[in-house]
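None of these values were measured; they are calculated from a predicted model.
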Amino acid sequence: MVGPRRPQFVLFGSSIVEYSFGHLGWGAILADIYSRKADVFLRGYSGWNSRQALQVLDQVFPKDDVLQPSLVIVYFGGNDSVRPSADGLGSHVPLPQYVTNMRKIAIHLKSLSEKTRVIFLTAPPVNEAQILQVLGIDGRENKLCQQYADACVELCQEMGIKVVNLCDTFKKQDNWLTTCFTDGIHFTPAGSKLVANEILKVLKEADWKPSLHWEALPREFSRTTLMARL
């Protein structure tokens with residue numbers, strides 16, 4: 001650990017998170033905006049679903065750590081919502097089990113600290129034709145993405161957790177099918193910008209004390225601070 005200690009933001013999820021630190025990805029956007037204000041940590045695991053997330057939850061977020069994250073942004077749902085495979089080895093998680101898993105994740109994160117804040121990101125929509133063309137795979141459907149997104153929103157409303165409904169966010173954009181995805185699943189810079197903007201909107205509007213919006217956090221080693229010490 002290097003100092004001074006800043007608020008820690010952790011991005012936890014599947015490939016939507018793992019790839020978010022790429023060029024103009026939404027994680028990279030947040031890290032840039034919060035430079036000298038908060039440290040953004042990436043905990044993304046391509047191909048994972050909520051069941052796998054539960055298996056490592058205590059390792060990624062140990063309850064006995066002295067320093068707990070100020071913010072955890074969680075994304076699972078896209079892989080959970082894939083149609084079940086005939087051999088049962090795919091990433092599909094039945095909707096009721098997905099909700100149960102996300103509830104357990106939320107309970108664990110909220111227990112870390114009174115000041116640990118949580119934002120869930122729902123499953124986004126997909127471009128089904130592009131997935132088939134670019135990746136040559138089938139099994140992802142927008143109607144399933146919407147069902148899992150709606151269930152995530154309902155859970156968050158029940159538990160008092162902030163949520164970004166990526167299905168609604170993307171579908172409000174003109175030409176979202178052709179501008180938001182690189183392969184039908186993962187985000188272009190335009191898609192990532194939408195995600196980052198929605199997260200920043202939540203952070204600005206949340207009545208958390210202290211606020212975690214970038215404008216409210218002190219800038220480390222600012223000229224004002226240094227001059228005050230002279």
Side-chain angles (χ1 to χ4, degrees), residues 8-22 24-31 34 38-62 69-82 90-93 95 97-110 112 116-126 140 144-153 155-156 159 161-170 180-188 191-200 202-203 212:
Q8 293 186 353
F9 294 1
V10 183
L11 315 182
F12 181 49
S14 58
S15 59
I16 295 295
V17 170
E18 182 175 346
Y19 301 164
S20 72
F21 268 22
L24 298 179
W26 62 271
I29 294 172
L30 293 178
Y34 279 90
D39 289 326
V40 182
F41 293 87
L42 185 68
R43 295 295 182 269
Y45 307 94
S46 180
W48 277 33
N49 56 27
S50 62
R51 183 186 298 119
Q52 292 164 301
L54 276 179
Q55 294 172 0
V56 302
L57 199 57
D58 288 318
Q59 298 175 61
V60 179
F61 301 100
S70 298
L71 174 68
V72 183
I73 300 176
V74 180
Y75 166 78
F76 291 101
N79 293 324
D80 298 71
S81 65
V82 173
S91 64
H92 172 75
V93 174
L95 185 58
Q97 187 61 52
Y98 166 73
V99 173
T100 297
N101 293 346
M102 296 299 282
R103 184 188 303 277
K104 290 179 179 178
I105 291 171
I107 291 172
H108 181 90
L109 295 177
K110 292 176 75 172
L112 296 177
T116 297
R117 311 303 184 183
V118 181
I119 299 174
F120 276 7
L121 309 180
T122 76
V126 295
R140 295 180 184 264
L144 295 176
C145 294
Q146 189 70 60
Q147 290 173 11
Y148 281 67
D150 291 344
C152 184
V153 171
L155 173 66
C156 289
M159 298 187 70
I161 295 172
K162 303 297 184 182
V163 60
V164 174
N165 189 332
L166 293 182
C167 263
D168 288 354
T169 297
F170 276 54
C180 290
F181 306 106
T182 60
D183 55 10
I185 300 172
H186 303 104
F187 305 148
T188 61
S192 275
K193 186 176 180 180
L194 289 175
V195 177
N197 284 342
E198 288 299 309
I199 292 171
L200 291 171
V202 169
L203 291 171
L212 296 178

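Using the six-membered ring where Trp is involved, Phe170 and Phe187 have ring planes that are tilted, between 30° and 60° apart. Aromatic ring orientation, Tyr98 versus Tyr148: tilted (interplanar angle from 30° to 60°).
Nearest heavy-atom pair, Leu30 versus Leu200, reported as atom, atom and distance to 0.1 Å: CD2-CD2, 4.0 Å. When every heavy atom of Gly44 is checked against every heavy atom of Val17, the shortest pair comes out as CA-CG1, 3.7 Å. Between Cys167 and Pro124, the shortest heavy-atom contact is SG-C, 3.8 Å. When all heavy atoms are compared, the tightest approach of Leu112 to Pro62 is CD2-O, 4.1 Å. Between Ala31 and Val40, the closest heavy-atom pair is CA-CG2, 3.9 Å. Residue Gly25 comes nearest to Ser192 through the heavy atom pair CA-OG, 3.5 Å, listed as atom of the first residue, atom of the second, then distance.
Atom CD of residue Gln59 and atom CZ of residue Arg43 lie 12.0 Å apart, to the nearest 0.5 angstrom. With rounding to the nearest 0.5 angstrom, the CD atom of Gln52 is 11.5 Å from the OH atom of Tyr45. With rounding to the nearest 0.5 angstrom, the CG atom of Leu203 is 6.5 Å from the CZ atom of Phe9. Taking SG of Cys156 as the reference point, atom CE of Met102 lies at 7.0 Å (rounded to 0.5 Å). Between Lys110 atom NZ and Thr116 atom OG1 the span is 11.5 Å, to the nearest 0.5 Å. Expressed to the nearest 0.5 Å, how far CD of Gln97 lies from NE2 of His92 amounts to 10.0 Å.
Test Leu71, Val60, Val10, Val72 against Leu109 for side-chain contact (heavy atoms from CB on, under 4.5 Å) and you get one pass: Val72. Results of the side-chain contact (heavy atoms from CB on, under 4.5 Å) test with Leu11 over Tyr75, Phe41, Phe21 single out Phe21 as the only residue that passes.
Applying the 6.0 Å contact sphere to NZ of Lys193 captures no more than 12 heavy atoms from other residues, nucleotides or ligands.
Under the rule for a side-chain contact (heavy atoms from CB on, under 4.5 Å), the partners of Leu54 that lie at least two apart in sequence or sit in another chain are Leu57, Asn101, Lys104, Ile105. By the side chain to side chain donor-acceptor pair (under 3.5 Å) test, Ser81 is found to be paired with no residue, residues two or more places apart in sequence or in another chain being considered. Under the side chain to side chain donor-acceptor pair (under 3.5 Å) criterion, Arg140 pairs with Asn79, sequence neighbours left out. Not counting sequence neighbours, the partners of Asp150 by the side chain to side chain donor-acceptor pair (under 3.5 Å) test are Gln146. Residues satisfying the side-chain contact (heavy atoms from CB on, under 4.5 Å) criterion with Tyr19, sequence neighbours excluded, are Ser15, Ser46, His186. Taking the side chain to side chain donor-acceptor pair (under 3.5 Å) definition, one finds that Arg103 meets it with Glu158, sequence neighbours left out.
Contact check for Ile119 versus Val164: side-chain heavy atoms found under the 4.5 Å cut-off. Side-chain contact check for Val163 versus Leu155: every heavy-atom pair is 4.5 Å or farther apart.
Thr122 places a side-chain N or O within donor-acceptor distance of the main-chain N or O of Leu166, the cut-off being under 3.5 Å. Between the side chain of Ser20 and the backbone N or O of Trp26, no donor-acceptor pair lies under 3.5 Å.
No hydrogens or angles considered: a donor-acceptor pair under 3.5 Å links the side chains of Asp80 and Ser50.
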